[in-house]
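First up is the structure itself, then whatever we jot down about it.
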Amino acid sequence: MIFLSGVIKSCRETHPTEPSPHLCFYIPIVHKLLCIVPVSGFCLPNPRRAQRGSRSLRSVSVDVNTTCKLMGEVLVLLYLLQLRHSLSSVNPFKLSSEYGRQNPTSGQYLLLREQDTPNQILALNNREERKLQDLFLSENNSRNALADSKRNVYIVYMGKRQHLDVELLTRTHHDMLATVLGSEETSEDSIVYSYKHGFSGFAAKMTKAQALKLSKLPGVIHVTRNRFYKVQTTRSWDYLGLSSTSLSNLLNKSKMGNGVIIGLLDTGIWPELQVFNDENLGPIPSRWRGVCESGEHFDGAKACNRKLIGARYFISGLEAEYGQPYNTSENDDYMSPRDSSGHGTHTSSIAGGSFVANASYDGLGLGTVRGGAPGAHLAMYKVCWRLYGGVCADADVLKAFDEAINDGVDVLSVSLAADIPLYSEVDHRGSIPIGSFHAVAKGITVVCAAGNSGPRAETVQNTAPWILTVAASTVDRSFPTPITLGNNHTIIVSNKTLTGQRKWLDRIRTNSYKYQFQGQAMFTGEDTVSASLVYPEVSDLMPPRNCESLSSNDDWMAGKIVLCFASDYNQSLLNDAILSVKAAGGLGVIVSRSPSNYYPYAMNFPCLQVTYETGTQILYYIRSTSNPQVRLSPSRTHIGKPVSTNVAYFSSRGPSSNVPAILKPDIAAPGVQILAAIPPSDETTNGAFAFLSGTSMATPHVSGIVALLKSLYPDWSPGAIKSAIITTALTSHQSGGPIFAEGEPPKLADPFDFGGGIVNPNSAADPGLVYDMNTENYVQYLCAMGYNNSDIFQITEHPVVCPSKQPSILDVNLPSITIPNLKKPTILTRTVTNVGPVNSKYKASVEFASGINVAVRPETLIFSSRTKTISFSVMISSAHNVNAGYYFGSLTWTDGVHVVRSPISVRTEVGESFF
């Protein structure tokens with residue numbers, strides 16, 4: 001324990017801008033004065049003094065029970081100081097002059113926030129996070145006593161609605177909470193949300209002991225803590241075959257998604273943009289029950305039209321957990337559906353934006369921007385806020401699902417994901433599996449992001465079988481940018497024709513040649529940039545100066561173009577490094593990194609990316625001359641060959657970490673450098689566009705395609721739509737070449753990278769056969785997982801009795817087959833439904849690697865007006881006698897016109913596995 005000595009004095013002496021009174025202690029061990037605010041907690045630094053770049057440190061408050069006395073708050077402070085002292089003894093960091101923890105290498109400030117679990121430590125340097133989590137775990141016993149008296153948001157799930165009267169249902173929720181909290185007044189103050197449309201339940205602030213007591217009341221199925229999620233196109237639609245000029249594709253057959261309503265759970269929307277105009281759009285569907293909610297800088301009566309027909313915002317869950325009102329000024333946000341970060345505006349315009357001609361990013365990617373379903377209507381459910389870089393509270397997400405189900409959406413696009421490890425589908429600490437189950441049960445297709453934790457295996461998220469999970473892929477577009485070395489007096493030599501390093505260097509030294517490389521960048525404008533080229537050489541006894549170590553204090557970069565080598569794939573650290581070069585007066589930077597993980601930076605600063613090989617050649621030139629020079633020319637847009645399609649480096653990969661027998665991701669779609677709308681920097685304009693990357697961008701691509709399919713086939717279930725998309729996907733490039741998965745090293749893509757493949761919307765509109773699924777199939781899956789009846793009842797809307805003999809998870813009617821532990825010949829079943837010509841005959845064909853045997857019975861399926869659904873069996877065996885990795889193949893049904901392909905993944909397990 002740290003012993004404090006000091007006196008009570010007014011905090012005005014050192015924090016004149018903070019409200020008084022404060023209780024201040026002088027802490028000898030750090031020679032600092034630390035103040036606590038009676039009632040609200042304790043203060044860290046004055047936020048107006050702690051600046052790093054454009055970001056500022058903010059005061060962090062511990063939310064304690066409002067009935068606690070001052071002594072209780074002092075005890076909390078003593079505990080935190082003890083923990084901070086422990087941290088300083090482990091990590092070689094010092095307390096900065098602004099009371100934050102500062103990493104002397106990166107200059108990043110670290111703030112600790114008191115939480116019940118170590119998983120919510122925020123704003124930490126990547127390398128320190130594991131150490132801090134370990135320390136929090138070691139302090140667990142001390143923390144439990146504090147947590148017992150701390151009021152947090154808990155979600156009370158009660159399953160199926162017992163009646164349709166929502167007012168009576170809300171009153172029931174308040175009465176139940178009052179029995180635990182002691183009074184109706186306390187209940188009214190504590191309740192955050194009442195869930196009353198898709199299911200019954202509520203979210204409320206209470207202590208851990210009260211939550212435990214509430215969980216034992218009749219009618220309560222489960223009580224869980226609130227947690228948080230993170231928010232994870234001129235070319236992409238033409239690339240996918242949905243050109244607006246073609247009359248025969250899905251876009252025009254579906255009347256561009258006319259009448260379909262796409263709901264998005266995201267960061268909000270900027271409604272005035274031209275991409276959300278409602279010109280030539282049909283009337284708002286009569287089934288729509290949503291609202292356009294007014295708020296800060298958002299007039300619902302003016303913001304919505306026939307394109308954006310609904311907008312809501314949900315923040316009560318976040319505020320209740322945070323313990324104080326959300327400061328929109330401090331976080332540069334709006335207490336309304338308006339989007340300030342750009343994420344929600346971007347995804348909305350991808351899914352269902354209207355046509356906007358001559359869109360580009362400073363001339364790059366010039367073309368017509370639109371959404372996948374430009375005839376569809378949009379509804380925004382703002383659940384994510386800019387606190388701590390962007391968080392979305394469980395309680396808010398679940399409430400958004402509840403309202404969207406009642407509002408009447410047809411598709412829900414959810415570009416959010418939680419962190420690994422995942423919760424099971426029946427664990428109510430995850431709102432997306434629960435909310436999406438109820439949505440799918442109502443016929444709403446839910447499309448979710450796979451996550452951005454690739455290329456590591458078993459990182460895919462949103463893995464429930466009723467969710468359509470989307471990975472990210474590239475498109476056939478690049479932005480080549482010339483890098484010219486030497487004197488400019490002679491010819492340009494292609495880097496592909498280099499015949500000898502020594503000969504090449506001699507020519508550069510004598511200025512008889514200049515040498516040109518191709519980098520990737522988004523360097524816009526008409527002018528080139530010429531300057532001296534430098535590389536941060538250091539002694540062999542010192543660590544190398546990689547890109548991530550560059551600092552704005554490196555004055556040697558001023559007026560020069562810098563070459564650096566990236567040591568790790570960390571986009572955030574690289575962005576900081578690039579900004580550091582700019583802040584130090586540098587004129588540009590050439591980043592050398594792995595060829596499988598770089599994408600052009602969209603910023604108004606010359607930043608070019610090259611491979612390690614090219615970077616090494618440029619370094620040879622720097623070391624060969626006393627005055628190395630370089631000229632950077634503006635980027636240009638290249639479309640088509642030889643640019644190939646790849647699964648993005650960052651895209652999370654399978655197999656699923658919690659259910660490896662369920663193939664995830666399901667599908668891949670464009671998610672790299674997608675040009676779409678963002679909020680304008682100048683509010684007087686009505687259009688702004690930016691390139692963004694992530695599975696967040698891939699998700700609305702599929703959501704738009706789902707909207708087109710729903711418009712064309714309004715009676716298709718979410719299971720049928722999902723099957724059509726997976727079984728018709730592309731597994732090779734449109735030009736015939738293979739699809740690679742970016743990584744270190746790159747490899748041929750397999751089902752754990754892209755599921756069925758790259759989405760192919762025109763073929764999905766005519767799949768021939770579908771592997772349909774409904775609520776009964778999902779209950780079969782839950783029984784196969786071994787969940788007991790009461791667990792399953794927590795998620796379904798009716799009591800369930802699983803068969804005495806546990807069903808096989810391999811028999812769940814998915815459009816894919818995954819066997820993670822094949823020990824003996826295994827037989828599984830599938831059922832297909834004919835959605836093509838009535839009289840059809842399909843034959844089976846199997847492709848698989850040597851050693852895996854697949855037999856299908858029957859081998860021929862004959863459909864007629866009387867036979868629309870047929871079941872078949874698949875027997876899979878292995879000739880391998882050792883444990884190994886996964887083998888991949890496929891089962892395809894074809895009638896000569898339709899190709900219905902199911903990916904197969906099999907891992908042999910011989911005896912007991914030690915891996």
Distance (rounded to the nearest 0.5 Å) between [X] [atom1] and [Y] [atom2]:
X: D407; Y: W288; atom1: CG; atom2: CH2; answer: 4.0 Å
X: Y326; Y: L318; atom1: OH; atom2: CG; answer: 7.5 Å
X: K710; Y: S703; atom1: NZ; atom2: OG; answer: 14.0 Å
X: I350; Y: S236; atom1: CD1; atom2: OG; answer: 7.0 Å
X: L169; Y: Y195; atom1: CG; atom2: OH; answer: 13.0 Å
X: N305; Y: D278; atom1: CG; atom2: CG; answer: 4.0 Å

Residues [X] and [Y]: side-chain donor-acceptor under 3.5 angstrom:
X: S354; Y: Q274; result: no
X: H174; Y: S194; result: no
X: D266; Y: T347; result: yes
X: S187; Y: S190; result: no

Please give me the minimum heavy-atom distance between [X] and [Y], naming the atom from each residue.
X: A471; Y: A698; result: O-CB, 3.3 Å
X: A373; Y: I262; result: CB-CD1, 4.3 Å
X: N327; Y: N331; result: O-ND2, 2.8 Å
X: C448; Y: N462; result: CB-ND2, 3.5 Å
X: A677; Y: V275; result: CB-CG1, 3.6 Å
X: T699; Y: S413; result: CG2-OG, 3.6 Å

- Task: Assert yes or no for the condition that the ring centre distance of H701 to W237 is strictly below 6.0 Å.
- Result: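 Between H701 and W237, the centre distance is under 6.0 Å.
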
- Within the distance-only criterion (no hydrogens, no angle test), does the side chain of S651 pair as donor or acceptor with the backbone N or O of A472 below 3.5 angstrom?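 Indeed, once roles are kept as given, a pair shorter than 3.5 Å links the two residues.
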
- Query: CD of E184: more than 12 outside heavy atoms within 6.0 angstrom?
  - Reply: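 No, the 6.0 Å shell around CD holds no more than 12 heavy atoms from other groups.
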
- Do any pairs count as a salt bridge (Lys or Arg N to Asp or Glu O under 4.0 Å) and have a residue in residues 281-292, sequence neighbours left out, and if so which ones?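 As it turns out, the salt bridge (Lys or Arg N to Asp or Glu O under 4.0 Å) pairs with a partner in residues 281-292, which skip direct neighbours, are R287-D410.
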
- Message: Check this for me, if you would: do R225 and E321 make a salt bridge, where the nitrogen-to-carboxylate-oxygen distance has to be below 4.0 angstrom?
- Response: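 E321 and R225: salt-bridged.
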
- Query: Are the charged groups of K205 and E188 less than 4.0 angstrom apart, N to O?
  - Reply: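 Salt bridge between K205 and E188, a charged N being under 4.0 Å from a carboxylate O: no.
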
- Message: Angle between ring planes, Y381 versus F314, binned at 30° and 60°: parallel, tilted or perpendicular?
- Response: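 Ring orientation of Y381 relative to F314: parallel.
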
- Task: Begin from the C-alpha positions of D402 and Y193 and carry the test side chain to side chain donor-acceptor pair (under 3.5 Å) through to its verdict.
- Result: CA-CA 10 Å; D402 186 42; Y193 289 121; over 6 Å; no

- Query: Who are the side-chain hydrogen bond (donor to acceptor under 3.5 Å, both in side chains) partners of S348, not counting sequence neighbours?
  - Reply: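 S348: no side-chain hydrogen bond (donor to acceptor under 3.5 Å, both in side chains) contacts found.
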
- Among D332, D333, D339, salt bridge (charged side-chain N to carboxylate O under 4.0 Å, His left out) partner for R386: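 Of the listed residues D332, D333, D339, the salt bridge (charged side-chain N to carboxylate O under 4.0 Å, His left out) partner of R386 is D332.
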
